[in-house]
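Notes to accompany the following structure.
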Amino acid sequence: MRNHVISILIGVALLAIGLALWLFARDIETPVISLHKIGVVVAIIGGLDVASSVFAMVKRRYWNPDTSSRSA
């Protein structure tokens with residue numbers, strides 16, 4: 001459970017950094033790629049990290065195949 005919470009926090013941080021780059025770094029040019037495009041990619045990665053962590057946490061909490069269909 002603790003690993004999922006840490007992963008969610010990291011995903012939220014990546015999402016916030018990506019959105020900040022996407023919103024405020026449009027005019028900054030770098031030799032290889034613009035920071036605006038890097039911000040979009042980082043925001044997508046952060047959103048996917050949050051979504052996968054929430055899914056894993058919910059799946060672990062509500063779906064347990066060992067005890068779902070056993071009778072005593």
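We count residues from 1, following the sequence as given.
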same_hphob_cluster([X], [Y]) at 4.5 Å side-chain heavy-atom cutoff:
X: V40; Y: I45; result: no
X: I17; Y: V41; result: yes
X: L15; Y: L21; result: no
X: L19; Y: I38; result: no
X: F55; Y: L48; result: no

Side chain proximity check, M57 to I8, heavy atoms < 4.5 angstrom: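 Side-chain contact under 4.5 Å: yes.
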Check residues 23-33 and write down every donor-acceptor pair under 3.5 Å in which the side-chain atom is one partner and the other belongs to a residue at least two apart or another chain.
from	atom 1	to	atom 2	distance (Å)
T30	OG1	I33	O	2.0

Quick one: side-chain hydrogen bond (donor to acceptor under 3.5 Å, both in side chains) partners of S53, sequence neighbours excluded?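 Scan of S53 (side-chain hydrogen bond (donor to acceptor under 3.5 Å, both in side chains), adjacent residues dropped) gives S7.
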Measure the spacing between CD1 of I44 and CG of D49 and express it to the nearest 0.5 Å.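 Here the interatomic distance stands at 13.5 Å.
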